[in-house]
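In what follows, chains are A, B, ... by sequence order, proteins preceding strands, each numbered from 1.
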Amino acid sequence: MQLNAGHRAVGAGIKRRSSRSFYMRLSNYFLPTLKEDPKEAEIVSHRLMLRAGMIRQQAAGLYSWLPLGYRVLRKIQAIIEQEQARAGAIQMLMPTLQPAELWRESGRYDDYGKEMLRISDRHDRDLLFGPTNEEMITDIFRSYVRSYRELPLNLFHVQWKFRDEIRPRFGTMRSREFLMKDGYSFDIDREAAEKSYHRMFVAYLRTYHRMGLAAIPMRAETGPIGGDLSHEFIVLADTGESGVFCDRNILEKPIPPADTDFEGDLSSIVSDWTSAYAATEDMVDMAEFEARVPAQRRISARGIEVGQIFYFGTKYSTAMNALVTGPDGRDAAVHSGSYGIGLTRLVPALIEAFHDEDGIVWPTSVAPFEVVLLNLKTADEKCSSICDKMYHDLKNAGIDVLYDDTGAGAGSKFATADLVGIPFQLIIGPRGARSGEAEIKNRSTGQRQSVALEQAVPLLQKTIEPERRDRI
RNA sequence: CGGAGUAUAGCGCAGUCUGGUAGCGUACCAUGUUCGGAACGUGGGGGUCGCAGGUUCGAAUCCUGCUACUCCGACCA
């Protein structure tokens, strides 16, 4: 089997933002918002996702993603895919169902317990709904890769997983079916594997940063092999499931820029980030925490885990006989790591971080739409003709726009726009229509600004461009 | 899996204790007046009261069993 063993062009395949926008008239859309709080939702993100018409629960821990929620999920996925490509990871897709046989080989079929959903097909063959993909990717790797010259290799996919949680809760924060990006690296030895680990570490810093999130890498459990090569990425939030302890300094560390050389040495970036104390409650050593971090810089808070990276060495390659021939001509088990990001958990994590009493406040880079155009009086001919033109201009400017062209009252439109959290509201009312002015409201700051009609779209374009964070 | 709850119109709830043939708010449909913070009037449609048994002349209501969902705990991306 011939494989391309040459130097992979890291960063190839990063898509530039297309000039085409996503646009929609609310009168044609499906946005079932709720005025009242659903009784089943306890935490703010779950409440807001239901009220904003983003998700619908189908059973415990199973959710449909309604159009608005799905758009956010897709935006998050696009950012992850771009940053994975930048770091040299290659996207593929594995099935949701896996043969039990592979898991018997690794020994995990019996170890995994009741969290694994076991299924049998019409021929009584044992299958399972994959909770993760180490076995399957190792099987793929061993089937094709024979030589160290084909390494390093990092393969990832974004696929639905299932873990039969005893108690799913908090909406999609802890669901049974969940969408996850999981990647797997393959290297000839521990030293090379460490480089792969560093590439993902840096890619993760950039990924969360582009979503507007401060995700802190914290030392995590590694098991017998890993040494210090396991980190959880944690977003601070009061509703977080784990207690976390860290140095405030870590929040001011510089994010590696877009032109970071992923083929170069990234260890200085990683050691800078890991030099500041940060650990979850499972790992924290209070004496060390207090010794290393001055009292005024200590943060002890709650956090949501939105990703984990993990070096596991030859655990699966040994069990499953995934060997490569090294430069010395001898076969050795390949060294691997796995790298996960929970997409369906990131959505509520973002809402926990970005909301106020009126609703969600999306960072522009993950917002379902960038602008909502509010026609405050559709019965007014002048008002409507201005809005129609604005809608057209926003589309042409490449802005994702939702046009509220419904006959609802002004107050109701404001309330819906605030609830669903679109970052900019372009407001056209009958008064402004006559005086030639539009109003732009910034959802995040609450500030309103009057602008001449012809300046509205150029101003929005100029404001939104840097907030997309697709060049940082 | 241990503990605690809930189930009545799309959603949020009352009615259950004390049995008499189902109601409020909102949403929905029609219509008129409105139109810058979830407008108002008038008229209308929608519920085998989670499911299955039982008691009774009669069950949303009392009894038994089951199911689903939520919360706390243990567990977890």
- Query: Any cation-pi pair here, Arg104(A) with Tyr109(A), using under 6.0 Å and within 45°?
  - Reply: yes
- Query: Would you say Arg169(A) reaches rC72(B)'s phosphate, i.e. side-chain N/O to OP1/OP2 under 4.0 Å?
  - Reply: yes
Please tabulate, one pair per line, each protein N/O and nucleotide N/O from nucleotides 26-34 of chain B that are separated by under 3.5 Å, including the distance.
unit_1	atom_1	unit_2	atom_2	d
rA27(B)	OP1	Lys35(A)	NZ	3.3

- Task: Name the pairing partner of rG5(B), where a pair is Watson-Crick or G-U wobble with both distances under 3.5 Å, or state none.
- Result: rC69(B)
- Item | P atoms of rG41(B) and rA60(B), separation to the nearest Å | 33 Å
- Task: May I ask you to say whether Lys161(A) pairs ionically with Asp182(A), meaning some side-chain N is under 4.0 Å from a carboxylate O?
- Result: yes
- rC72(B) OP1/OP2 closer than 4.0 Å to side-chain N/O of Arg167(A): yes
- Query: What nucleic acid atoms does Lys181(A) come within less than 4.0 Å of, heavy atoms only: base, sugar-phosphate, or nothing?
  - Reply: nothing
- Message: Does Phe369(A) form a side chain to side chain contact (heavy atoms under 4.5 Å, CB included) with Arg71(A)? I'd like the steps, not just the answer.
- Response: CA-CA 8 Å; Phe369(A) 295 90; Arg71(A) 281 204 49 79; 4.1 Å; yes
- Query: According to the Watson-Crick and G-U wobble definitions, with both distances under 3.5 Å, which nucleotide is paired to rC62(B)?
  - Reply: rG54(B)
- Item | side chain to side chain donor-acceptor pair (under 3.5 Å) against Thr138(A), all qualifying residues, sequence neighbours excluded | none
- Base, sugar-phosphate, or nothing for Gly340(A), non-hydrogen atoms under 4.0 angstrom? nothing
- Message: Return whichever of Gln57(A) or Arg51(A) has its heavy-atom-nearest nucleotide of RNA chain B closer to the 5' end.
- Response: Arg51(A)
- Query: Counting side-chain heavy atoms from CB outward, which of rC75(B), rA38(B), rC71(B) is closest to Ala415(A)?
  - Reply: rA38(B)
- Query: rA77(B) C1' sits how many Å from Gln159(A) CD, rounded?
  - Reply: 15 Å
- Looking only at atom P, what distance separates rA7(B) and rC11(B), rounded to whole Å? 14 Å
- Under 4.0 angstrom, heavy atoms only, what part of the nucleic acid is Gly411(A) near: base, sugar-phosphate, or nothing? sugar-phosphate
- Expressed in angstrom and rounded to an integer, what is the separation of Glu42(A) atom CD from rC71(B) atom C1'? 7 Å
- Item | rA74(B) to rC17(B) separation - C1' atoms, rounded to the nearest Å | 36 Å
- Have a look at Leu419(A) and say if it touches a base, only the backbone sugar-phosphate, or nothing, with a 4.0 Å heavy-atom cut-off. base
- Message: Checking Arg219(A) against Asp282(A) for the salt bridge (charged side-chain N to carboxylate O under 4.0 Å, His left out) test, could you report, in this order, the C-alpha distance in whole Å, the side-chain angles of both residues, the deciding distance, and whether it holds?
- Response: CA-CA 10 Å; Arg219(A) 227 185 309 152; Asp282(A) 302 332; over 6 Å; no
- Distance in angstrom units between Glu40(A) CD and rA4(B) P, rounded: 23 Å
- Message: Heavy atoms only, 4.0 Å cut-off, all strands: where does Lys377(A) land among base, sugar-phosphate and nothing?
- Response: base
- Message: In whole Å, measure the gap between the C1' atoms of rG65(B) and rA27(B) for me.
- Response: 36 Å
- Message: Applying a 4.0 Å non-hydrogen cut-off, can you work out what Glu165(A) is touching in the nucleic acid: base, sugar-phosphate, or nothing?
- Response: base
- Query: Asn133(A) has an atom CG; how far is it from atom C1' of rA77(B), in whole Å?
  - Reply: 13 Å
- Sidechain N-carboxylate O distance under 4.0 Å for Asp238(A), Arg302(A): no
- Nucleotide of rC72(B), rC69(B), rC1(B) approaching Phe170(A) most closely (side-chain heavy atoms): rC72(B)
- Using Watson-Crick geometry (N1-N3 plus N6-O4 or O6-N4) or G-U wobble (N1-O2, O6-N3), each under 3.5 Å, rU33(B) is paired with rA39(B)
- Query: rA39(B) and rU34(B): how far apart are their C1' atoms, nearest whole angstrom?
  - Reply: 7 Å
- Pairing partner of rC49(B), by Watson-Crick or G-U wobble and under 3.5 Å for both distances, is none
- Query: Mind checking the P distance from rC29(B) to rG73(B)? Whole angstroms is fine.
  - Reply: 43 Å
- If the plane angle is over 60° it's perpendicular, under 30° parallel, otherwise tilted; pick one for Phe129(A) and Phe162(A). tilted
- Note on the structure: Any strand, both distances under 3.5 Å, Watson-Crick or G-U wobble: rA27(B) pairs with none
- Item | Interatomic distance, Asp418(A) CG vs rG36(B) P [rounded to whole Å] | 16 Å
- For Ile166(A) and rA77(B), give me the distance from atom CD1 to atom C1', rounded to whole Å. 15 Å
- Nearest whole angstrom, please: distance from the C1' of rA39(B) to the CG of Leu376(A). 14 Å
- Identify whether any heavy atom of Asp37(A) sits under 4.0 Å from a base atom; if not, whether one sits that close to sugar-phosphate; answer base, sugar-phosphate or nothing. sugar-phosphate
- Query: Rounded to whole angstroms, how far apart are OH on Tyr339(A) and P on rA77(B)?
  - Reply: 17 Å
- Task: Compute whether any side-chain donor of one residue and acceptor of the other, for Asp187(A) and Ser196(A), lie under 3.5 angstrom apart.
- Result: yes
- If you measure from the Lys or Arg side-chain nitrogens to the Asp or Glu carboxylate oxygens, is any gap between Glu467(A) and Arg443(A) under 4.0 Å? no
- Query: Looking at rA38(B), rG36(B), rC76(B), which one has an atom nearest to any side-chain atom of Arg163(A)?
  - Reply: rC76(B)
- Task: Look at all strands and tell whether Thr416(A) reaches a base, only sugar-phosphate, or nothing, counting heavy atoms closer than 4.0 Å.
- Result: base
- Mind checking the P distance from rG50(B) to rA22(B)? Whole angstroms is fine. 15 Å
- Message: Can you tell me how the ring of Tyr204(A) sits relative to the ring of Phe233(A), calling it parallel under 30°, perpendicular over 60° and tilted otherwise?
- Response: tilted
- Item | Minimum-distance nucleotide (side-chain atoms of Lys39(A) versus rG36(B), rC13(B), rC75(B)) | rC13(B)
- When all nucleic acid strands are considered with a 4.0 Å heavy-atom cut-off, which category describes Ala410(A): base, sugar-phosphate, or nothing? sugar-phosphate
- Task: For Lys114(A) and for Glu305(A), find the nucleotide of RNA chain B with the closest heavy atom, then tell me which residue's nucleotide is more 5'.
- Result: Lys114(A)
- Nearest-angstrom distance, P atom, rC24(B) to rA30(B): 22 Å
- Query: Can you check whether Phe178(A) stacks with the rA77(B) base, using ring centres under 5.5 Å and planes within 30°?
  - Reply: yes
- Task: Look at the aromatic rings of Tyr197(A) and Phe201(A) and report parallel, tilted or perpendicular, splitting at 30° and 60°.
- Result: tilted
